[in-house]
Visitor: 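Below: one structure in structure tokens.
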Amino acid sequence: MSKLRVAVLGAKGRIGSEAVRAVEAAEDMELVAALGRGDGLEALAESGAQVAVELTTPASVMDNLDYCLRHGIHAVVGTTGWTDERLAQLNGWLDASPGTGVLIAPNFSIGAVLTMKFAQIAAPYFESVEVVELHHPNKVDAPSGTATRTAQLIAQARQKAGSAPAPDATATALDGARGANVDGVPVHAIRLRGLLAHQEVLLGGEGETLTVRHDSLHHSSFMPGILLGARQVVTTPGLTFGLEHFLDLN
Ligand SMILES: NC(=O)C1=CN([C@@H]2O[C@H](COP(=O)(O)OP(=O)(O)OC[C@H]3O[C@@H](n4cnc5c(N)ncnc54)[C@H](OP(=O)(O)O)[C@@H]3O)[C@@H](O)[C@H]2O)C=CC1
Ligand SMILES: O=C(O)C1=N[C@H](C(=O)O)C[C@H](O)C1
């Protein structure tokens, strides 16, 4: 059987360099291009890449995806910074490239995907819920894509259940002290040397609390999800948002 031809964008970065090794080690894949900043995107088409794994920066991802979709190259995207406007633009490009698939995964690790699921399930049963994400200090964006998505899913679950807003009598606070407000859910970002990628969802009810915590201790935690995404995206046209859709977790 022929191997899946995979390219990695952001190949010299923290996660990109790990993805290069993972694709090289996968028996059913061939690494056909490994591009860093400044490398020409034409290498993607010239190498016959079927899937591009996009692990660059929020500032670079849209141009890279524009190229991929104009050339019918499927994409597995881990890069953060997704807004409604960006998603609308991407959907427009997908409409013009029928048959091409894009997976955007706020987090490729199974534990993080399950954390989001558990948080969604638990959120309507508690009065209060807040999200804390903790990352290495070289991370360029906050809050993390994972924390933003977690808060959105929590908010959707609470809205569906008719939950009241979380109680909060705090009337006076320094700017930022109560975190960012993502759809009504406070999200706090910590940047600390020694950390990699971690998240806690704290839920509180009368006389009890529940904490759902996940720790990515190494970039290898993201690799099975990236490889799964590359295998599935080639037969899944259009936009898939979240690895859970490829894990039968919905
Ligand atoms: N979804 C998930 O599970 C995960 C997502 N991420 C996300 O992935 C992204 C990358 O994270 P991380 O590896 O830590 O960041 P890094 O800064 O270590 O890596 C990004 C790399 O992309 C390079 N780059 C920038 N622009 C381009 C371009 N146009 N073409 C090719 N390469 C480019 C950078 O080069 P230079 O150094 O010159 O700027 C750098 O080498 C972030 O958005 C992060 O949040 C990270 C881990 C897991
Ligand atoms: O920058 C990182 O490191 C990570 N970024 C992603 C995010 O913003 O959620 C995924 C993971 O948290 C690691």
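Note that the numbering runs from 1 along the sequence shown for the chain. This one's a predicted model, so the numbers in the text were calculated from it and none came from an experiment. In each ligand, atom 1 is the first atom listed, and ligand 1 is the first ligand listed.
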Visitor: For atom 37 (O) of ligand 1, is some protein heavy-atom partner under 4.0 Å away?
Guide: no
Visitor: Starting from atom 48 (C) of ligand 1, find the nearest protein heavy-atom neighbour and note its residue, name and distance.
Guide: Ile15 CD1, 3.3 Å
Visitor: My understanding is that we take every heavy atom of each candidate and find the minimum distance to atom 1 (N) of ligand 1. Doing that for Ala105, Gly38, Ser221, Ala11, which one comes out nearest?
Guide: Ala105
Visitor: Using distance alone, with no hydrogens and no angle criterion, decide if Thr150 and Gln199 have a side-chain donor and acceptor under 3.5 Å apart.
Guide: yes
Visitor: Could you identify the single nearest non-hydrogen protein atom to atom 10 (C) of ligand 1 and state the distance to 0.1 Å?
Guide: Thr56 O, 3.1 Å
Visitor: Indicate yes or no: does Arg21 engage Glu24 in a salt bridge with an N to O separation below 4.0 Å.
Guide: no
Visitor: Using a strict 4.0 Å cut-off to heavy atoms of Ser60, name the atoms of ligand 1 that fall inside it.
Guide: 25 (C), 26 (N), 27 (C), 28 (C), 29 (N)
Visitor: Starting from atom 5 (C) of ligand 1, what is the nearest protein heavy atom, named by residue and atom, and what distance separates them?
Guide: Gly78 O, 3.1 Å
Visitor: What protein heavy atom sits nearest atom 3 (O) of ligand 1, and how far away is it?
Guide: Phe108 N, 2.8 Å
Visitor: Listing request: all ring-ring contact (aromatic ring centres under 6.0 Å, His included) pairs with a residue in residues 64-112, at least two apart in sequence or in separate chains.
Guide: Tyr67-His71
Visitor: Counting both backbone and side chain atoms, is some N or O of Pro106 under 3.5 Å from an N or O of ligand 1?
Guide: yes
Visitor: Dump the pairs for me: ligand 2 N or O, protein N or O, distance under 3.5 Å, to 0.1 Å.
Guide:
{"unit_1": "ligand 2", "atom_1": "1 (O)", "unit_2": "Lys139", "atom_2": "NZ", "d": "2.9"}
{"unit_1": "ligand 2", "atom_1": "3 (O)", "unit_2": "His136", "atom_2": "NE2", "d": "3.1"}
{"unit_1": "ligand 2", "atom_1": "5 (N)", "unit_2": "Lys139", "atom_2": "NZ", "d": "3.2"}
{"unit_1": "ligand 2", "atom_1": "8 (O)", "unit_2": "Lys139", "atom_2": "NZ", "d": "2.7"}
{"unit_1": "ligand 2", "atom_1": "8 (O)", "unit_2": "Gly145", "atom_2": "N", "d": "2.9"}
{"unit_1": "ligand 2", "atom_1": "9 (O)", "unit_2": "Gly145", "atom_2": "N", "d": "3.2"}
{"unit_1": "ligand 2", "atom_1": "9 (O)", "unit_2": "Thr146", "atom_2": "N", "d": "2.8"}
{"unit_1": "ligand 2", "atom_1": "9 (O)", "unit_2": "Thr146", "atom_2": "OG1", "d": "2.5"}
{"unit_1": "ligand 2", "atom_1": "12 (O)", "unit_2": "His135", "atom_2": "NE2", "d": "2.6"}

Visitor: With sequence neighbours excluded, tell me which residues meet side-chain contact (heavy atoms from CB on, under 4.5 Å) with Thr83.
Guide: Glu85, Arg86
Visitor: Compare every heavy atom of Ser163 with every heavy atom of Pro124, then report the nearest pair and how far apart it is.
Guide: CA-OG, 3.8 Å
Visitor: What I want to check is whether the side chains of Thr79 and Glu54 have a donor and an acceptor closer together than 3.5 Å.
Guide: yes
Visitor: Take Thr100 and Ile73, measure what side-chain contact (heavy atoms from CB on, under 4.5 Å) needs, and give me the verdict at the end.
Guide: CA-CA 7 Å; Thr100 311; Ile73 299 169; 5.9 Å; no
Visitor: In terms of atom number and element, which parts of ligand 1 are under 4.0 angstrom from non-hydrogen atoms of Lys139?
Guide: 45 (O)
Visitor: Which protein heavy atom lies closest to atom 15 (O) of ligand 1, and at what distance to 0.1 Å?
Guide: Arg14 NH2, 3.5 Å
Visitor: If you have a sec, work out which protein heavy atom is nearest atom 23 (C) of ligand 1 and how many Å separate them, to one decimal?
Guide: Gly10 CA, 4.0 Å
Visitor: Tell me, do Leu65 and Leu90 make a side-chain contact under 4.5 Å, heavy atoms counted?
Guide: yes
Visitor: With salt bridge (Lys or Arg N to Asp or Glu O under 4.0 Å) as the criterion, how do Glu133 and Arg191 come out once you've worked through the C-alpha distance, each side chain's angles and the decisive distance to 0.1 Å?
Guide: CA-CA 9 Å; Glu133 56 98 331; Arg191 298 289 173 264; 2.7 Å; yes
Visitor: What protein heavy atom sits nearest atom 43 (O) of ligand 1, and how far off is it?
Guide: Thr80 OG1, 2.8 Å
Visitor: Return the residue, atom name and 0.1 Å-rounded distance of the protein heavy atom closest to atom 30 (N) of ligand 1.
Guide: Gly36 O, 3.8 Å
Visitor: Do His188 and Glu130 come within less than 4.5 Å of each other through their side chains, counting heavy atoms only?
Guide: yes
Visitor: Using a 4.0 Å cut-off to any heavy atom of Lys12, which atoms of ligand 1 qualify?
Guide: 41 (O)
Visitor: Is the closest protein non-hydrogen atom to atom 34 (C) of ligand 1 under 4.0 Å?
Guide: no
Visitor: At a 4.0 Å threshold, what atoms of ligand 1 neighbour a non-hydrogen atom of Gly13?
Guide: 13 (O), 18 (O), 19 (O), 21 (C), 41 (O)
Visitor: Before accepting this row, confirm whether a basic side-chain N of the pair Asp39/Arg37 lies closer than 4.0 Å to the acidic partner's carboxylate O.
Guide: no
Visitor: Are any of the side-chain heavy atoms of Lys3 and Met29 separated by less than 4.5 Å?
Guide: no
Visitor: If the condition is side-chain contact (heavy atoms from CB on, under 4.5 Å), which residues does Ser221 pass it with, not counting sequence neighbours?
Guide: Ser109, Ser216
